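No experiment lies behind these values; they were computed from the predicted model shown. Numbered from 1 within each chain, the chains take letters A, B, ... in sequence-line order.
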Protein chains: 2
Amino acid sequence: MSPRLAGTPAQAATREELSPVDGLAQLSFVIMGMLERRAAEHDLSLAQTRLLGVLRDRRPAMNELARLLGLDKSSITGLVDRAERRGLVVRVPSAADRRAVLVSLTDDGRLLVSQAAARFEADVSTMLNGLPPRQRATLSRLVSQLLAAHAAGQGVDLFATVDAEAR
Amino acid sequence: MSPRLAGTPAQAATREELSPVDGLAQLSFVIMGMLERRAAEHDLSLAQTRLLGVLRDRRPAMNELARLLGLDKSSITGLVDRAERRGLVVRVPSAADRRAVLVSLTDDGRLLVSQAAARFEADVSTMLNGLPPRQRATLSRLVSQLLAAHAAGQGVDLFATVDAEAR
DNA sequence: TATTGTTATACTCTATAACTATA
DNA sequence: TATAGTTATAGAGTATAACAATA
């Protein structure tokens with residue numbers, strides 16, 4: 001009960017297993033913390049990192065970007081402005097629709113996000129190495145199942161190939 | 001490889017298990033998203049929620065609060081200002097040190113954070129119910145082990161009783 | 001002198017509303 | 001008219017540096 005909303009380890013915890021909810025909440029804070037610290041090493045905020053992240057395999061319009069990141073289009077303008085000022089992304093006029101602007105990673109942007117991602121990935125891997133291989137494999141499988149079940153419950157198929165859509 | 005930094009499900013994913021890193025990263029985004037949405041229902045930002053969260057079982061000085069939340073003390077001033085303006089916390093002069101100010105949840109603040117926490121907890125529970133009981137128990141145990149191992153690696157004992165300190 | 005907290009300032013991030021250009 | 005994007009504006013959140021009060 002009473003999940004650790006602050007991301008701070010429970011104090012006065014009895015020496016027992018965490019509740020499932022507390023465990024997942026704490027783990028999420030730990031992992032997001034890793035991401036934020038690695039991003040910060042490259043002077044990237046979480047918002048900038050997410051922007052570069054979605055651009056790794058897409059070249060969306062501002063419009064689409066707002067949908068992907070769950071932000072208002074006016075927020076995207078500023079986010080892309082700052083990234084473009086740093087030379088991490090470029091705006092490209094759309095050939096199909098003269099109102100639209102496509103956003104694309106530059107080589108610098110791709111390098112930066114790849115480096116941050118690699119370090120983050122290493123952090124998570126290191127943490128996972130704290131578990132014996134068998135248990136690590138089990139955890140991974142259960143997490144995948146959990147995500148798949150959750151996505152299904154949300155009407156989304158995690159493993160659906162959506163390449164046909166919006167590329 | 002290449003974790004989904006954006007918190008967006010992979011597209012073009014083959015119909016296989018996610019990599020351990022991707023799985024944990026995605027799961028963290030899902031869970032943080034649940035927390036943010038539930039907090040937002042009470043007009044709470046993640047920062048405000050974390051503030052109220054740490055105050056649930058502490059009455060720290062501004063100083064201590066900065067340490068607990070990992071923020072600069074000047075950031076705490078504003079955070080507490082806004083919470084106090086809403087009547088969620090109060091500043092109390094320290095009896096022991098006339099420079100210090102203690103921060104304490106009000107009844108309103110406690111109610112608000114409890115409601116948000118309960119809804120968040122329900123979200124995570126619902127997600128976990130997507131797994132059969134046995135697997136759920138296994139996941140919970142592995143997550144606890146993972147956190148304990150990670151905390152140990154960081155020189156922190158998750159289960160240490162720190163009540164003696166800073167209360 | 002050192003520590004506690006606030007203030008001044010600047011920047012990022014986000015949203016709403018109004019606007020321009022194109023469809 | 002509707003949609004794509006920007007601008008104006010406002011507010012939260014964060015940090016650095018300088019400051020006042022107290023230890």
Side-chain angles (χ1 to χ4, degrees), chain A residues 5-7 32-33 35-37 39-54 59-86 88-104 166, chain B residues 5-7 32-33 35-37 39-54 59-86 88-104 166:
Chain A
L5 300 186
M32 295 302 291
L35 178 54
E36 282 190 59
R37 266 182 292 105
E41 288 180 353
H42 298 271
D43 285 300
L44 290 174
S45 65
L46 202 44
Q48 288 288 320
T49 305
R50 293 217 308 144
L51 168 63
L52 302 187
V54 301
R59 209 181 66 166
M62 300 291 285
N63 207 10
E64 182 74 355
L65 214 36
R67 195 184 59 73
L68 289 166
L69 296 176
L71 299 174
D72 190 84
K73 55 183 177 163
S74 65
S75 303
I76 301 299
T77 297
L79 216 48
V80 170
D81 281 350
R82 291 183 288 275
E84 195 169 27
R85 217 178 294 140
R86 284 180 63 180
L88 304 178
V89 307
V90 281
R91 281 177 165 92
V92 182
S94 164
D97 184 339
R98 289 192 1 234
R99 296 171 300 180
V101 180
L102 307 182
V103 183
S104 181
Chain B
L5 299 186
M32 295 302 291
L35 179 54
E36 281 189 60
R37 265 182 292 106
E41 288 179 354
H42 299 270
D43 284 300
L44 290 174
S45 65
L46 202 45
Q48 288 289 319
T49 305
R50 292 219 307 146
L51 168 64
L52 301 187
V54 300
R59 210 182 62 166
M62 300 290 285
N63 207 10
E64 182 75 355
L65 214 35
R67 194 184 60 73
L68 289 166
L69 296 177
L71 299 175
D72 190 84
K73 55 185 177 163
S74 65
S75 304
I76 302 299
T77 297
L79 216 49
V80 170
D81 281 350
R82 291 183 289 273
E84 195 169 28
R85 217 178 294 139
R86 285 180 62 179
L88 304 179
V89 308
V90 281
R91 281 177 166 91
V92 182
S94 164
D97 184 339
R98 288 187 7 231
R99 295 170 302 179
V101 180
L102 307 181
V103 183
S104 181

Set of residues satisfying side chain to side chain contact (heavy atoms under 4.5 Å, CB included) with respect to A:Arg37, sequence neighbours excluded: A:Met34
Listing request: all salt bridge (Lys or Arg N to Asp or Glu O under 4.0 Å) pairs with a residue in residues 90-99 of chain A, at least two apart in sequence or in separate chains. A:Asp81-A:Arg91, A:Glu84-A:Arg91, A:Asp97-A:Arg99
For B:Asp81 and C:dG5, give me the distance from atom CG to atom P, rounded to whole Å. 13 Å
Pairing residues for B:Leu102 by the side chain to side chain contact (heavy atoms under 4.5 Å, CB included) criterion, not counting sequence neighbours: B:Arg59, B:Ala61, B:Val92, B:Ser94
List for me each residue that meets side chain to side chain contact (heavy atoms under 4.5 Å, CB included) alongside B:Ser45, sequence neighbours excluded, and say none if there are none. B:Ala47, B:Gln48
Looking only at non-hydrogen atoms, find the nearest pair between B:Ala66 and B:Asp72 and report the distance. CB-C, 4.2 Å
Can you list everything that forms a side chain to side chain contact (heavy atoms under 4.5 Å, CB included) with A:Glu41? Sequence neighbours excluded, please. A:Arg38, A:Arg119
Measure from CG on B:Leu46 to C1' on D:dT14 and round the result to the nearest Å. 14 Å
Atom-to-atom span, CG of B:Leu71 to P of D:dA12 - whole angstrom: 16 Å
Identify whether any heavy atom of A:Leu79 sits under 4.0 Å from a base atom; if not, whether one sits that close to sugar-phosphate; answer base, sugar-phosphate or nothing. sugar-phosphate
Measure the distance from CZ on A:Arg67 to P on D:dG5 and round it to the nearest whole Å. 13 Å
Residue mapping more 5' on DNA chain D - nearest nucleotide basis, B:Arg85 or B:Ser75: B:Arg85
Of the candidates C:dT12, D:dA12, C:dT7, the side chain of B:Arg82 sits closest to D:dA12
Rounded interatomic separation in angstrom, taking CD from A:Glu84 and P from D:dG5: 13 Å
Rounded to whole angstroms, how far apart are CD on B:Gln48 and P on D:dT14? 9 Å
Interatomic distance, A:Glu36 CD vs D:dA15 C1' [rounded to whole Å]: 15 Å
Can you tell me the distance, in whole Å, between the CG atom of B:Leu44 and the C1' atom of D:dG11? 16 Å
Taking every non-hydrogen atom, the tightest pair across A:Leu79 and A:Leu69: CD2-CD1, 4.3 Å
I want to check one thing: is the phosphate of C:dT6, taken as OP1 and OP2, less than 4.0 Å away from some side-chain N or O of B:Arg91? yes
When you check every protein heavy atom under 4.0 Å of nucleotides 17-23 of chain C, what one-letter string (B, S, -) results, 5' to 3'? B---BBS
